[in-house]
Amino acid sequence: MATLAHKQHEPYEQHEPYAAAGASVSGASAEPAGRATHDVTNQPPPLAPYDASDDTALLEGVRREGAGWAVEDLRRLGRRAGSVEAQEWGDLANRHEPVLRTHDRYGNRIDEVEYHPSWHHLMRVAVGEGLAGAPWADDRPGAHVARTAGGLVWGHTEAGHGCPTSMTYAAVPALRRQPELAAVYEPLLTGRAYDPGLRTPTEKRGLLAGMGMTEKQGGSDVRTNTTVATPTAEPGVYTLRGHKWFTSAPMCDVFLVLAQAPDGLSCFLVPRVLPDGTRNTFRVQRLKDKLGNRSNASSEPEFDGTVAWLVGPGGQGVKTIIEMVNCTRLDCVMSTATLMRKTLVEAGHHARHRTAFGARLLDQPLMRNVLADLALESEAATTLALRLAGAADRAVRGDAGEAAFRRIATAAGKYWVTKRGPAFTAEALECLGGNGYVEDSGMPRHYREAPLLSIWEGSGNVNALDVLRALGREPHTADALFAELALARGGDTRLDAAVVRLKDGLAAARPAGARRLVELLALTLQGALLVRHAPPAVADAFCASRLGGDWGHAFGTLPDDAGLDTVLGRALSPAQPL
């Protein structure tokens, strides 16, 4: 054993016989010294640095939806998102996952989560660029569109840190249901200062918000929550007792939480640190071991005598928090569109530089069909995300028609776009072949992220049924939807036929067929937007495949006469490394 230990520490050259010229193993001659065996050829160069905002559909949509004033900042953010440094932050934040510290060295309960420095770098940029609550303090028309566009760009780094920024953005309209609380917290939630660490909220430069809705026994059926809210002697102040099942970003400063009060299910504001500087009871039992979204800590907190403030009327918790849900559903569409664009850029970059069977992959007819099909899906998702953001922006400013359109279209878009995410990222990964299957490529991380966005804020069934519920209880939403579709009437016969099928389907809507109906609704809406705003070749290929039935069951099955050159030229040519 001593001899073995000694040999393990010898210089490699002293006990490696195969490096000597002429040495042989089992009678075979070794290669002459100096002959390279690992020259790297036919591999693409690194993508970074690149400009993540160099996306024609994105830039056109931003201007169209009223945020043209933000383009210069968006381009600057795109260059930063595609930088080597920012791409490395995204990688490191997922390789070095959050760690839960329930107690300090002395045994005191602290319930804190430690993050890698890269997480804080990502968060600092995101909050500083207005991707959290900032639009609510911005009077410029298009402010909410600019935020969505910023997410479509900055999301090229990684997706996990988008969770606390999304919830912070979404918390503001719900908190406004209780004006005295909004007066205290909103200025800090809408600021652009990232100030991590648990301290008295009003002593910080900026705050982040989280959300605690689901519990073990019910999941999306939040009305079955068992967390109990007990009134105190102080009006509007309660204590909570219960266990939440899925509460992301436990190091946020405040949380909107649902609990059963004497009046029924109600919404509450729960700060991690109370106004007097003491820690509120927020016992983090564990962090979730998730498929993806690994950089973001999702937790199970226990409440036991936890101090909370009522938000909105008692017994109207779902009605109070639904505005938060609508905002985060938009962000699910945005984040899926971001994943689509990011993985398409990666696939196009690989195909541009990789040669197989005597030609670049990008010049192989079948690969061009695959990439063009992905490009159509990506552009449709981005265009819809920005249209939804425009509706949200105008609804905030009092446009009732846009509010009705937003109500129906966000739920439908959330259902369909997020459903397409996993299949899209899998196909984009396959464009890289084995190179895409290894972690170093980053593609497995994107693939694992995609299913979350369909599950978060209501799974597919929940969103599909929500569309039917809106159509049944709020008939003006259907009027707003068909008014939007009418703007493209006559632009494509396949689109016009789809609108007729949609009207017939809505008239006979049943829960069991909700997915099929909402899929048609979303595709028809995407087709109408592309007919109005995209080049004719793009709109024609989308309508032929998605609405006209000239399509297979996998990506890469566009009709032979689809304008692949136009589609690819629009989608891939801008995404060149800097």
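We count residues from 1, following the sequence as given.
Tyr115 and His120 are not linked by any side-chain donor-acceptor pair at a separation below 3.5 angstrom, with hydrogens and angles left out of the test. Inspection of the Glu158 and Asn94 side chains reveals an N or O donor paired with an N or O acceptor under 3.5 Å. If you check the side chains of Asn293 and Asn296, you find a donor sitting under 3.5 Å from an acceptor. Side-chain N/O atoms of Asn461 and Arg515 include a donor and acceptor closer than 3.5 Å. Side-chain polar atoms of Lys342 and His446 form no donor-acceptor pair below 3.5 angstrom. Looking only at atom types and distance, the side chain of His161 has a donor-acceptor partner in the side chain of Trp154 under 3.5 Å away. Checking Thr306 against Thr281 by side-chain atom types alone, no donor-acceptor pair falls below 3.5 Å. Side-chain contact, Thr226 with Glu215: a donor N or O sits under 3.5 Å from an acceptor N or O.
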Just do the side-chain contact (heavy atoms from CB on, under 4.5 Å) check on Asp253 and Lys204 with the steps written out, would you? CA-CA 10 Å; Asp253 300 284; Lys204 299 184 68 175; 2.6 Å; yes
Please lay out, stage by stage, how Thr227 and Leu258 fare under the test side-chain contact (heavy atoms from CB on, under 4.5 Å). CA-CA 8 Å; Thr227 294; Leu258 293 179; over 6 Å; no
As a quick check of understanding, evaluate side-chain contact (heavy atoms from CB on, under 4.5 Å) for Val257 and Phe303, giving each step before the final call. CA-CA 11 Å; Val257 171; Phe303 303 142; 3.8 Å; yes
The test is side chain to side chain donor-acceptor pair (under 3.5 Å); show your working for Ser266 and Gln316 and say whether it passes. CA-CA 5 Å; Ser266 304; Gln316 296 187 26; over 6 Å; no
Yes or no on side chain to side chain donor-acceptor pair (under 3.5 Å) for Trp456 and Asp331, after CA distance, side-chain angles and deciding distance? CA-CA 10 Å; Trp456 192 31; Asp331 279 5; over 6 Å; no
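Taking 4.0 Å as the cut-off between side-chain N and carboxylate O, Arg109 and Asp111 count as a salt-bridged pair. A salt bridge is absent between Arg406 and Asp399; no separation between the charged side-chain nitrogens and carboxylate oxygens falls under 4.0 Å. Look at Arg546 and Glu377 and you find a salt bridge, because one of the NZ, NE, NH1 or NH2 atoms lies within 4.0 Å of a carboxylate O, short of that distance.
Panel note: side chain Asn280, backbone Val307; a donor-acceptor pair is recorded below 3.5 Å. Within the 3.5 Å criterion, the main-chain N or O of Gly312 finds a donor-acceptor partner in the side chain of Gln178. Formation of a donor-acceptor pair under 3.5 Å by the Thr168 side chain with backbone atoms of Leu208 is not found in this model. Side chain of Ser459 to main chain of Ile455: no donor-acceptor pair is present (N/O by atom type, distance under 3.5 Å, no hydrogens or angles). The main-chain N or O of Asn463 is never found under 3.5 Å from a side-chain atom of Glu457 such that the two would form a donor-acceptor pair. Looking at Thr200, its side chain never comes within 3.5 Å of a backbone N or O of Thr202 through a donor-acceptor pair. Between the side chain of Lys414 and the main chain of Ala409, no donor-acceptor pair closer than 3.5 Å is present. Side-chain N or O atoms of Asp304 include none that pairs as donor or acceptor with a backbone N or O of Arg241 at under 3.5 Å. For Thr165 (side chain) and Gly162 (main-chain N/O), a donor-acceptor pair under 3.5 Å exists by modelled atom type. Within the 3.5 Å criterion, the main-chain N or O of Leu274 finds no donor-acceptor partner in the side chain of Thr278.
In this structure, OH on Tyr447 lies 8.5 Å from CG on Leu291, to the nearest 0.5 angstrom. Considering CE of Met211 and CD1 of Ile321, their distance stands at 6.0 Å, rounded to 0.5 Å. A distance of 3.0 Å separates OG of Ser454 from NZ of Lys419, quoted to the nearest 0.5 Å. In this structure, Leu376 CG and Leu530 CG are separated by 8.0 Å, a value rounded to the nearest 0.5 Å. The CG atom of Leu529 lies 12.0 Å from the OG1 atom of Thr382; values are rounded to the nearest 0.5 Å. Of the inter-residue distances, the one linking Arg272 atom CZ with Leu198 atom CG reads 5.0 Å to the nearest 0.5 angstrom.
Of all heavy-atom pairs spanning Ala411 and Val467, the tightest one is CB-CG2, 3.7 Å. Looking at every heavy atom in both residues, Ala174 comes nearest to Thr320 through CB-O, 3.6 Å.
For His96 and Trp119, the gap between ring centers reaches or exceeds 6.0 Å. Taking the six-membered ring where the residue is Trp, the centroids of Phe255 and Phe268 are separated by 6.0 Å or more.
With Glu300 as reference, Lys288 is the one residue of Arg283, Lys288, Lys244 to meet the side-chain hydrogen bond (donor to acceptor under 3.5 Å, both in side chains) rule.
Geometric assessment of Arg147 against the ring of Tyr169 yields a positive cation-pi assignment under the 6.0 Å and 45° thresholds.
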